[in-house]
Amino acid sequence: MSIKDSIYASEQQVKDFSFDQNVVEVFPDMIQRSVPGYATIVSTMGKLAGEYAQSNSNLYDLGCSLGAVTLSMRRNIRTDNCHIIAVDNSQAMVERCKVHLQGFKSDVPVTVTLGDINELEIQNASVVAMNFTLQFIPPLQRQAVLEKIYANLKPGGVLLLSEKIKAENEQCDNLLIDLHHDFKRHNGYSELEISQKRTAIENVMRPDTLSTHFNRLSDIGFSQTQVWYQCFNFCSMVAIK
Ligand SMILES: Nc1ncnc2c1ncn2[C@@H]1O[C@H](C[S@+](CC[C@H]([NH3+])C(=O)[O-])CC(=O)[O-])[C@@H](O)[C@H]1O
Ligand SMILES: O=C(O)C(=O)Cc1ccccc1
């Protein structure tokens with residue numbers, strides 16, 4: 001059982017959002033109440049990883065937080081000699097992730113590493129998962145990160161990419177934002193919590209449009225990109241090499 005997220009419940013001088021110890025403590029509750037379809041997305045990413053995992057290869061969970069996608073992928077791997085590498089640049093997250101994973105048994109080896117995706121060496125990958133992580137990488141660095149992933153994916157390998165997205169025009173964007181805020185209200189967040197969280201993430205989380213994602217993935221060389229989930233401004237894609 002996780003603790004209820006009340007980080008933005010009291011009026012405060014809002015600082016830029018960071019994945020610190022306070023966030024770690026409430027993270028499962030925060031993400032569940034903030035991201036429509038989170039549980040479905042995590043379990044389906046595991047299923048997709050099971051479909052695309054190749055024997056003698058690595059599967060990456062980039063921006064792993066507490067390891068939800070790592071666990072989901074691990075449950076679904078049916079091929080031999082796969083290794084999961086889970087990476088996050090928040091020390092607080094990585095420490096809690098390691099403790100969390102110790103509670104589950106499996107024959108598939110997992111390495112949890114503290115590190116920046118920008119500097120990470122990716123090798124021999126059949127699956128790379130980024131579940132709501134690319135959006136936190138500064139926009140100008142996103143192309144290089146995705147190029148590195150593509151270059152180190154085996155033929156037939158996949159990128160599983162979930163992102164908060166921006167709609168193609170302001171009117172539609174406001175519509176999706178309103179629907180998302182309604183979802184948060186329904187899940188118990190107050191107007192103050194919704195508005196302070198919005199302020200906290202606006203400088204650190206910059207969503208791209210779906211067309212930006214599609215064009216960039218195609219320019220890099222991915223042969224197919226398919227959206228398999230969308231609810232409001234939350235989307236999950238699979239891009240095939
Ligand atoms: N440059 C970076 N390098 C490494 N990690 C990073 C970087 N930037 C951000 N992170 C990490 O990416 C994660 C994003 S949360 C992912 C949820 C998870 N995937 C889940 O399925 O539960 C998404 C969210 O909270 O909306 C955080 O743990 C950051 O520390
Ligand atoms: O809470 C929000 O408004 C979001 O957009 C999702 C989210 C979830 C967890 C950390 C940062 C953003």
Side-chain angles (χ1 to χ4, degrees), residues 2 5 7-8 14 16-24 26-46 49 60-73 84-97 100-101 112-122 128-142 144-146 148-149 160-166 176-185 187-191 193-207 231-236:
S2 74
D5 168 25
I7 290 180
Y8 298 105
V14 178
D16 278 353
F17 187 86
S18 90
F19 292 94
D20 58 16
Q21 194 64 48
N22 293 330
V23 168
V24 167
V26 300
F27 189 73
D29 179 67
M30 170 186 280
I31 195 132
Q32 172 71 31
R33 287 202 288 141
S34 303
V35 175
Y38 174 74
T40 301
I41 294 169
V42 169
S43 67
T44 307
M45 286 173 85
Y60 288 84
D61 178 6
L62 304 182
C64 61
S65 297
L66 302 182
V69 170
T70 290
L71 282 171
S72 182
M73 295 201 297
I84 302 180
I85 297 150
V87 181
D88 204 288
N89 68 349
S90 154
Q91 185 162 358
M93 280 293 185
V94 165
E95 278 170 16
R96 184 60 61 86
C97 182
H100 184 57
L101 292 181
V112 183
T113 317
L114 176 65
D116 189 324
I117 295 160
N118 290 297
E119 276 137 41
L120 181 74
E121 205 183 313
I122 295 174
V128 176
M130 293 185 91
N131 197 29
F132 303 107
T133 304
L134 190 67
Q135 60 197 23
F136 290 102
I137 292 181
L140 291 174
Q141 297 169 14
R142 291 177 192 174
V145 165
L146 294 172
K148 175 170 69 180
I149 291 169
L160 307 178
L161 180 63
S162 308
E163 286 277 287
K164 190 175 188 179
I165 55 158
K166 197 165 79 171
L176 296 185
I177 289 169
D178 284 349
L179 288 167
H180 176 231
H181 288 173
D182 256 354
F183 168 86
K184 292 185 80 164
R185 226 169 269 128
N187 285 335
Y189 285 115
S190 67
E191 297 310 316
E193 286 178 291
I194 292 170
S195 106
Q196 292 192 140
K197 173 85 178 276
R198 189 181 190 175
T199 305
I201 61 181
E202 75 189 354
N203 293 325
V204 291
M205 197 183 119
R206 297 188 185 281
C231 181
F232 315 141
N233 37 6
F234 292 81
C235 173
S236 193

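Counting starts at 1 for both ligands and their atoms, in listed order. As a basis for the values below, the full set of heavy atoms in this structure was taken, side chains included, without hydrogen atoms, waters or symmetry mates.
- When only interatomic distances are considered, the shortest N/O to N/O separation between D61 and ligand 1 does not fall below 3.5 Å.
- The protein heavy atom nearest to atom 1 (N) of ligand 1 is D116 OD1, 3.0 Å.
- No more than 12 heavy atoms of other residues, nucleotides or ligands shown are found within 6.0 angstrom of NZ on K166.
- In this structure a side-chain-to-backbone donor-acceptor pair under 3.5 Å is present from R33 to D5.
- To the nearest 0.5 angstrom, D61 atom CG is 5.0 Å from M73 atom CE.
- Distances below 4.0 Å separate heavy atoms of S90 from the following atoms of ligand 1: 30 (O).
- By the 3.5 Å distance cut-off applied to N or O atoms, L62 is not counted among the residues near ligand 1.
- Nearest to atom 6 (C) of ligand 1 among the protein's heavy atoms is N89 OD1, 3.1 Å.
- Within a 6.0 Å sphere centred on CD of Q91, other residues, nucleotides and ligands contribute 12 heavy atoms or fewer.
- Within ligand 1, the atoms closer than 4.0 Å to a non-hydrogen atom of S65 are 13 (C), 15 (S), 16 (C), 17 (C), 18 (C), 27 (C), 28 (O), numbered from 1 in the order shown.
- Of all protein heavy atoms, the one lying nearest to atom 21 (O) of ligand 1 is N131 ND2, 2.8 Å.
- The nearest protein atom to atom 3 (N) of ligand 1, hydrogens excluded, is given as I117 N, 3.0 Å; this is a heavy-atom distance.
- The Q135 neighbourhood of ligand 1 comprises atoms 26 (O), with distances under 4.0 Å to a heavy atom of that residue.
- Residue V69 approaches ligand 1 through these ligand atoms, each under 4.0 Å from one of its heavy atoms: 21 (O).
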Kindly determine whether E121 and K148 satisfy salt bridge (Lys or Arg N to Asp or Glu O under 4.0 Å), including the steps that lead there.
CA-CA 8 Å; E121 205 183 313; K148 175 170 69 180; over 6 Å; no

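- For ligand 1, the atoms closer than 4.0 angstrom to any heavy atom of G115 are 3 (N), 4 (C).
- Nearest to atom 20 (C) of ligand 1 by heavy atom, out of F132, F17, Y38, is Y38.
- Taking the side chain as every heavy atom from C-beta outward, K184 and R198 never approach each other to under 4.5 Å.
- In this structure, the side chain of S43 engages the main chain of T40 through a donor-acceptor pair within 3.5 Å.
- Not one N or O of M93 is nearer than 3.5 Å to an N or O of ligand 1, by distance alone.
- In this structure, S34 OG and I194 CD1 are separated by 9.0 Å, a value rounded to the nearest 0.5 Å.
- Distances below 4.0 Å separate heavy atoms of F136 from the following atoms of ligand 1: 9 (C), 14 (C), 23 (C), 24 (C), 26 (O).
- L160 has its side chain out of reach of M130: every pair of non-hydrogen atoms, C-beta onward, lies at least 4.5 Å apart.
- Looking at M130 against ligand 1, nothing comes within 4.0 Å, counting heavy atoms.
- No donor-acceptor pair under 3.5 Å is formed between the side chain of T199 and the backbone N or O of V14.
- You'll find the side chain of S65 reaches within 4.5 Å of the side chain of D88, heavy atoms only.
- Counting protein heavy atoms only, atom 19 (N) of ligand 1 is closest to G63 O, 2.8 Å.
- Using a 4.5 Å cut-off on side-chain heavy atoms (C-beta onward), K197 and F17 make contact.
- Nearest to atom 30 (O) of ligand 1 among the protein's heavy atoms is D88 OD1, 2.6 Å.
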List of N/O pairs, ligand 2 versus protein, all under 3.5 Å?
{"residue": "ligand 2", "atom": "1 (O)", "partner": "K184", "partner atom": "NZ", "Å": "2.7"}
{"residue": "ligand 2", "atom": "1 (O)", "partner": "K197", "partner atom": "NZ", "Å": "2.8"}
{"residue": "ligand 2", "atom": "3 (O)", "partner": "K184", "partner atom": "NZ", "Å": "2.9"}
{"residue": "ligand 2", "atom": "5 (O)", "partner": "K164", "partner atom": "NZ", "Å": "2.7"}

